[in-house]
Amino acid sequence: MNSLRLRALQQKDRAAVVSMLGDSEVMRFLGPRRPLTEDEADSWFRSALDNPSRFVIANADTNEFIGFCGIKEINGVLDFGYFIKSEFWGKGIATKACQLAVAELATEVDLEAVQVFIAENNVASQKVAEKLGWQVKQVGYKDGEHGRYYRITL
């Protein structure tokens, strides 16, 4: 993977997003903790297109959709997260995308107010947080899962 860029979601991303949301490995720690049906994924895509929140992670050279990264307001809480297509896992993309997103958001958002929750058994995401130098603020539960809340640092 050469370089990444962050951009807005586009209609042409639909097939890649629907496919990603239907992947049980990707969805293991997201939303309902199960793959979405095609109808559910299509509805999710339309909502994300109409109400943009997180950035799209794209290949800087080809503009190919890789995943999402950034902040979304969930129940009044600013939640930082990312999710990428499984074929791109293990390539350092999540770490780089988080660095880009945090740099972009740092001037617009009080990062102290942003929640980053990583489930106890999401070891890959814990490693990303460690690489970024993020510190554990507290241990707790979210959506019935035990995990850690991290503080974003630049």
Side-chain angles (χ1 to χ4, degrees), residues 1-36 41 44-45 48-49 52-74 77-140 142-143 145-154:
M1 174 67 46
N2 292 329
S3 57
L4 302 176
R5 71 192 273 273
L6 301 178
R7 64 167 171 81
L9 184 62
Q10 300 169 350
Q11 186 64 44
K12 68 180 182 127
D13 297 322
R14 182 194 170 283
V17 172
V18 168
S19 171
M20 180 180 69
L21 296 175
D23 182 331
S24 61
E25 285 299 301
V26 172
M27 296 303 292
R28 190 170 46 158
F29 299 110
L30 300 173
R33 311 301 193 262
R34 62 166 175 78
L36 299 186
W44 189 99
F45 176 79
L49 203 56
S53 57
R54 293 188 170 117
F55 302 108
V56 163
I57 306 163
N59 180 309
D61 299 324
T62 65
N63 206 27
E64 176 187 7
F65 173 90
I66 295 171
F68 291 98
C69 185
I71 294 174
K72 180 175 184 167
E73 188 174 323
I74 301 174
V77 176
L78 295 177
D79 182 81
F80 186 91
Y82 64 87
F83 44 114
I84 61 177
K85 292 171 60 179
S86 56
E87 67 245 40
F88 292 104
W89 291 2
K91 301 178 191 300
I93 290 170
T95 303
K96 180 65 177 164
C98 288
Q99 289 170 328
L100 292 171
V102 168
E104 182 84 19
L105 294 164
T107 58
E108 304 167 24
V109 177
D110 175 8
L111 295 175
E112 284 290 319
V114 176
Q115 174 178 285
V116 181
F117 178 82
I118 300 175
E120 191 67 41
N121 54 353
N122 190 346
V123 176
S125 284
Q126 290 171 21
K127 287 179 181 174
V128 169
E130 289 168 18
K131 285 182 202 169
L132 292 166
W134 296 357
Q135 300 297 312
V136 175
K137 289 195 300 190
Q138 70 184 57
V139 174
K142 180 179 175 190
D143 300 328
E145 284 190 289
H146 187 262
R148 300 176 183 133
Y149 288 91
Y150 288 81
R151 173 178 289 112
I152 295 174
T153 55
L154 297 173

remark   = Of all heavy-atom pairs linking Ala94 and Val128, the shortest is CB-CG2, 4.0 Å
task = Compare all side-chain heavy atoms of Arg34 with those of Leu36 and state whether any distance is below 4.5 angstrom.
result = yes
inquiry  = Under the criterion side-chain contact (heavy atoms from CB on, under 4.5 Å), I'd like the reasoning laid out for His146 against Val139: C-alpha separation, chi angles, the key distance, then a yes or no.
reply    = CA-CA 8 Å; His146 187 262; Val139 174; 3.2 Å; yes
Pairwise side-chain contact, Tyr149 with Ile118, heavy-atom cut-off 4.5 Å (strictly under) = no
task = Write down the atom of Met20, the atom of Ile66, and the distance for their closest heavy-atom approach.
result = SD-O, 4.4 Å
request  = Indicate the atoms forming the closest heavy-atom contact of Arg54 with Gly70, along with that distance.
outcome  = NE-O, 3.1 Å
request  = Kindly indicate whether the side chain of Ile71, heavy atoms from C-beta on, has any atom under 4.5 Å from the side chain of Val114.
outcome  = yes
Distance-only donor-acceptor check, side chains Arg148 and Gln138, under 3.5 Å = no
message = Let me confirm one number: the CG-NZ distance from Asn122 to Lys127, rounded to the nearest 0.5 Å.
response = 11.0 Å
Minimum heavy-atom distance Pro32-Met27, with the two atoms named = CD-CE, 4.3 Å
message = Can a donor-acceptor pair be found, under 3.5 Å and without considering hydrogens, that links the side chain of Gln126 to the backbone of Ala119?
response = yes
query = Is any side-chain heavy atom of Phe29 closer than 4.5 Å to a side-chain heavy atom of Asn121?
reply = yes
Side-chain donor-acceptor contact under 3.5 Å, Asn63 with Arg7 = yes
ask   = Is the count of non-hydrogen atoms from other residues, nucleotides or ligands lying under 6.0 Å from Gln135 atom CD greater than 12?
value = no
request  = Look up atom CG in Asp143 and atom CZ in Phe117, then write down how far apart they are to the nearest 0.5 Å.
outcome  = 7.5 Å
query = Nearest heavy-atom pair of Leu132 and Cys98: which atoms, and what distance?
reply = CD1-CB, 3.5 Å
request  = Quick one: pull up CG in Leu30 and CG in Leu21 and give me the separation to the nearest 0.5 Å.
outcome  = 8.5 Å
query = Should Asp79 and Lys142 count as an ion pair when the cut-off is N to O under 4.0 Å?
reply = yes
query = Is there side-chain contact between Ile57 and Leu6, with heavy atoms separated by less than 4.5 Å?
reply = yes
ask   = Between Ala97 and Leu4, what is the shortest heavy-atom contact and its length?
value = N-CD1, 4.0 Å
query = Hey, are the side chains of Leu111 and Arg151 touching, using non-hydrogen atoms and a 4.5 Å cut-off?
reply = no
inquiry  = Quick check against the 3.5 Å criterion: does Ser3 have a side-chain atom that pairs as donor or acceptor with the backbone of Ala60?
reply    = no
inquiry  = Contact between Gln11 and Phe45 at the side-chain level, heavy atoms closer than 4.5 Å - yes or no?
reply    = yes
inquiry  = Determine whether Leu9 and Phe68 satisfy the following criterion, side-chain contact (heavy atoms from CB on, under 4.5 Å), listing intermediate values before the conclusion.
reply    = CA-CA 9 Å; Leu9 184 62; Phe68 291 98; 3.9 Å; yes
key: Gly31 backbone acceptor or donor facing Arg33 side chain under 3.5 Å   = yes
Pairs under 3.5 angstrom only: tabulate donor-acceptor contacts from the side chains of residues 80-90 to other protein residues two or more places apart or in another chain.
unit_1: Tyr82; atom_1: OH; unit_2: Ser125; atom_2: OG; d: 2.7
unit_1: Lys85; atom_1: NZ; unit_2: Glu87; atom_2: OE2; d: 3.3
unit_1: Ser86; atom_1: OG; unit_2: Asp23; atom_2: OD2; d: 2.7
unit_1: Trp89; atom_1: NE1; unit_2: Ile84; atom_2: O; d: 3.0

remark   = The reported gap from CD in Glu112 to CG in Leu78 (rounded to nearest 0.5 angstrom) is 12.5 Å
Lys137 side chain reached by Tyr150 side chain, heavy atoms, under 4.5 Å = no
